[in-house]
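A short worksheet on the structure shown next.
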Amino acid sequence: MKPNVVLYKNIPADQLERLQSHFNVAFFEGITDANRADFIGALSNAEGLIGASCPITTDYLNAAPALRAISTISVGVDQFNVPDLTNRKINLMHTPSVLTETTADTIFTLVLNSARRVIEMAEMVKEGRWTKSIGVDSYGTDVNGKTIGILGMGRIGYAVAKRAYAGFGMSVLYYNDVANPMAEQDFKARRCELDELLAKSDFVCVVLPLLPETEKFIGKEQLLKMKPSAFLINGSRGKIVDETALIEALQQGVIRGAGLDVFEKEPLPADSPLVSLPNVVALPHIGSATHETRYAMVRCAVDNLIAALNNDVSVNCVNPAARKS
Ligand SMILES: NC(=O)C1=CN([C@@H]2O[C@H](COP(=O)(O)OP(=O)(O)OC[C@H]3O[C@@H](n4cnc5c(N)ncnc54)[C@H](OP(=O)(O)O)[C@@H]3O)[C@@H](O)[C@H]2O)C=CC1
Ligand SMILES: O=CC(=O)O
């Protein structure tokens, strides 16, 4: 008999067919107040769970006694309590690598757009306010030849460093819990303490995972250590930056600007000062959002679930030690 799995995100038809050829699939378009009771009901005999963008809480896990594997269509695993999953012998699978280059493109887009004020200038043209040659008040800041400081020199950090060094002749500093010899060799990246990175970087780029120890990692104290001419770029998770402190720093000119793909609360509330600050480029969490990459992530997540429910957790498993045979 096919194992039961619960799918909580809309996926392309061909990938749904692949899932259905291996499993009995109960489909939910997200987890909402309206469908929560049915979702919990479907968990009662589910061995697998696949989806994205919704926190998977203790209540859901308590309702899923047969669950052996969860496959998230993301690389970030902050929607899950990983130690709790391991205790319950539930493997958590994720989608690293397939989104690395696309996410680095988005992060570099934020670097360029923030420094060169692209969105602000484009809006001026579209709104008919380009009535004479622009003046010094509209100038941007160079990216080429500057220093980028990368917090989290993992897969995406390395791909950002590649763009900075090879494409824009930038110097690369990084902060990471372990050295990344490849980045040091390929891009002359130099590992340093956080304070030095903050003080010397023209662009401080956050690409750390959200963990208890990285929550509010960048707060008022860290922002004050940045150059007044520097930009903060966050392409990983909003909660890594203390948003209240960031808003104050942007309003008071402690730093020049910010490029943000992620926020403490998403979608970003319309009344957030980040919406109207002219020195902020805000994107709706589009790091990996291209047709090609989102498709590759779904395919990878389906592969991962098939493998995990076949007792193969050799690839893309966050907690391989949690096995339920
Ligand atoms: N905006 C978007 O749409 C997207 C956002 N993301 C976010 O980007 C994050 C990074 O992804 P990815 O590069 O693939 O992940 P990686 O695990 O490859 O990179 C993260 C790096 O941070 C290091 N690190 C972890 N904790 C600490 C710490 N406390 N202090 C210093 N260094 C630390 C890791 O080192 P070690 O492994 O040794 O712990 C690793 O080198 C994801 O977790 C996700 O949240 C990802 C994709 C899209
Ligand atoms: O934010 C996206 C992810 O894959 O993680």
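First listed ligand is number 1; within each ligand, the first listed atom is number 1.
Here L151 has no heavy atoms under 4.0 Å from ligand 1, in either its backbone or its side chain.
Take S44 and apply the side-chain contact (heavy atoms from CB on, under 4.5 Å) test, not counting sequence neighbours, and it matches no residue.
Put simply, no part of T100 is less than 4.0 Å from ligand 1, judged by heavy atoms. Heavy atoms of H285 approach ligand 2 to within less than 4.0 angstrom. P96 does not count as a contact of ligand 1, since none of its heavy atoms falls under 4.0 Å from the ligand.
Atoms of ligand 1 found under 4.0 Å from any heavy atom of Y175 (numbered from 1 in listed order, with element): 30 (N), 31 (C). Within ligand 1, the atoms closer than 4.0 Å to a non-hydrogen atom of P209 are 20 (C), 22 (O), 25 (C), 43 (O), numbered from 1 in the order shown.
Protein non-hydrogen atoms do not reach within 4.0 Å of atom 37 (O) of ligand 1.
Checked against the 6.0 Å centroid threshold, F231 and F203 count as a close aromatic pair.
Taking all heavy atoms of L211, D261, L260 into account, the minimum distance to atom 26 (N) of ligand 1 is reached by L211.
Classified by interplanar angle (parallel below 30°, tilted 30° to 60°, perpendicular above 60°), the ring pair Y165/F187 is tilted.
The ring-ring contact (aromatic ring centres under 6.0 Å, His included) analysis of residues 234-269, with sequence neighbours excluded, yields no pairs.
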